Enquirer: 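Let me give you the structure first, and then I'll get to my questions.
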Amino acid sequence: MRLKLNTMKAVRIHSYGGSDVLFYEDAPRPTAGAGEVLVRVHATTVNPFDVAVRAGYLSGYFNHTLPLTLGTDVSGVVEEVGAGVTNFAPGDLVYGRAGVTRDGANADYVSVAASDLAAKPVSVDHIHAAALPHVTLTAWQALYVAAEICEGQTVLIHAAAGGVGHVAVQLAKLRGAKVICTASLNLDFLKDLDVDEAIDYSTHAFEDVATGVDVVLDLVGGDTQQRSWPLLKPGGILISTIQPPSAEMAAAHGVRQHFVTSAPPIGETLAEVTALVDSGQIIPLVSTILPLQEVRRAHDLIEGKHTRGKIALSVVA
Ligand SMILES: NC(=O)c1ccc[n+]([C@@H]2O[C@H](COP(=O)([O-])OP(=O)(O)OC[C@H]3O[C@@H](n4cnc5c(N)ncnc54)[C@H](OP(=O)(O)O)[C@@H]3O)[C@@H](O)[C@H]2O)c1
């Protein structure tokens with residue numbers, strides 16, 4: 001018989017600040033409430049979102065209670081299910097997105113709404129499954145829901161070698177779009193992803209190559225977003241995940257704009273993603289795997305802004 005402990009290890013913050021406010025420590029073990037699933041975490045990740053929460057940049061938007069366990073991505077095994085959950089059972093292999101307003105998945109256990117989980121792809125391990133939810137839901141919302149990208153269109157993806165970008169490239173190509181991308185240190189990775197044009201933004205002005213595009217996916221913001229408006233065809237769309245695009249600029253250029261603030265239905269979309277991964281149509285890239293205890297290093301790498309694909313944290317070896 002397995003002993004059920006009331007505590008577990010988790011990465012928590014007790015205050016906002018640099019990566020030194022992250023502590024790998026004992027924390028109360030969550031339980032599965034009604035409609036929830038308690039997952040034994042095997043792998044999780046760090047996203048720029050976790051860095052922003054840790055630094056306190058989002059404290060005006062989310063009503064987080066400290067201490068807070070970080071981490072939105074999870075892949076693991078169902079430990080127990082709460083009242084009313086009929087689609088998962090203990091022992092199932094699942095992946096999903098932990099709620100962004102509550103304790104997250106950088107921990108031994110996380111409680112997640114059953115509707116935010118799906119069966120884990122069988123063709124990849126927990127590390128690679130955990131790399132998918134946050135970034136794939138974002139790219140899906142941007143390209144499939146907001147842009148409704150279709151065959152024959154051209155999309156310009158800024159920061160295509162990062163977490164969201166490398167999945168966005170694959171989703172765009174799946175719909176038959178032509179894909180133009182920007183990167184610098186990770187330019188060779190874009191060529192591996194079989195993009196149509198890869199532009200080194202550190203040595204070339206991207207507007208010299210990318211003109212007349214249907215969709216801009218802006219994962220960078222600032223000057224990169226501003227310089228992208230004139231590249232769109234009339235009626236095209238600029239979508240950003242980082243900085244709300246100006247409605248005035250969109251009107252002035254005769255195009256549309258969208259800021260990604262929500263996700264498509266999580267469990268249902270991840271079930272579709274599972275099928276795409278298991279048929280080899282989406283391949284998650286994890287460039288660095290660290291033990292959960294080394295979460296500070298993962299945050300520092302993300303803050304360096306030049307990571308390739310995803311940084312994953314292994315919880316169960
Ligand atoms: N709104 C939402 O719901 C939502 C959801 C997810 C993410 N986000 C945001 O979206 C952004 C991207 O997320 P992510 O997870 O993909 O980030 P990420 O993985 O940290 O992005 C790293 C990549 O950015 C590239 N990069 C850095 N500066 C660049 C520039 N000036 N031009 C082009 N590429 C550049 C780097 O390529 P090189 O090393 O080759 O330069 C690197 O591969 C973040 O700001 C994140 O907070 C928002």
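Whatever order the structure lists them in is the order used to number ligands and atoms, beginning at 1. What you are looking at is a predicted structure, and each value in this text was computed from that prediction instead of being measured.
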Enquirer: Find out whether the Lys NZ or Arg CZ of R175 is both under 6.0 angstrom from the six-membered ring centre of Y144 and within 45° of the ring's axis.
Expert: yes
Enquirer: With no hydrogens and no angle check, just 3.5 Å: does a side-chain donor-acceptor pair link S19 and H299?
Expert: no
Enquirer: Looking at V164, which atoms of ligand 1 are within less than 4.0 Å of one of its heavy atoms?
Expert: 6 (C), 7 (C), 13 (O), 14 (P), 15 (O), 16 (O)
Enquirer: Suppose we measure from atom 40 (O) of ligand 1 to each protein heavy atom; which comes out shortest, and what is that distance?
Expert: S184 N, 2.6 Å
Enquirer: Would R40 pass as a cation-pi partner of Y109, given that its NZ or CZ must be under 6.0 Å from the six-membered ring centre and within 45 degrees of the axis?
Expert: yes
Enquirer: Write out the residue and atom name of the closest protein heavy atom to atom 20 (O) of ligand 1, then the distance separating them to 0.1 Å.
Expert: P48 CG, 3.7 Å
Enquirer: Just let me know how V220 lines up against ligand 1, side chain, backbone, both or neither, with a heavy-atom cut-off below 4.0 Å.
Expert: side chain
Enquirer: Do S111 and T31 have side chains that get closer than 4.5 Å, going by heavy atoms?
Expert: no
Enquirer: Show me which atoms of ligand 1 lie under 4.0 Å from any heavy atom of L219.
Expert: 11 (C), 12 (C)
Enquirer: Given I311, D200, I242, T241, which one has a non-hydrogen atom that is nearest to atom 9 (C) of ligand 1?
Expert: T241
Enquirer: Please report which non-hydrogen protein atom sits nearest to atom 25 (C) of ligand 1, along with the residue it belongs to and the distance in Å to one decimal place.
Expert: A159 CB, 3.7 Å
Enquirer: Going by the atom numbers of ligand 1, which of them fall below 4.0 Å from some non-hydrogen atom of A161?
Expert: 43 (O)
Enquirer: Using salt bridge (charged side-chain N to carboxylate O under 4.0 Å, His left out), reason through K173 and D196 one step at a time and then give a plain yes or no.
Expert: CA-CA 10 Å; K173 290 195 79 72; D196 296 283; 3.4 Å; yes
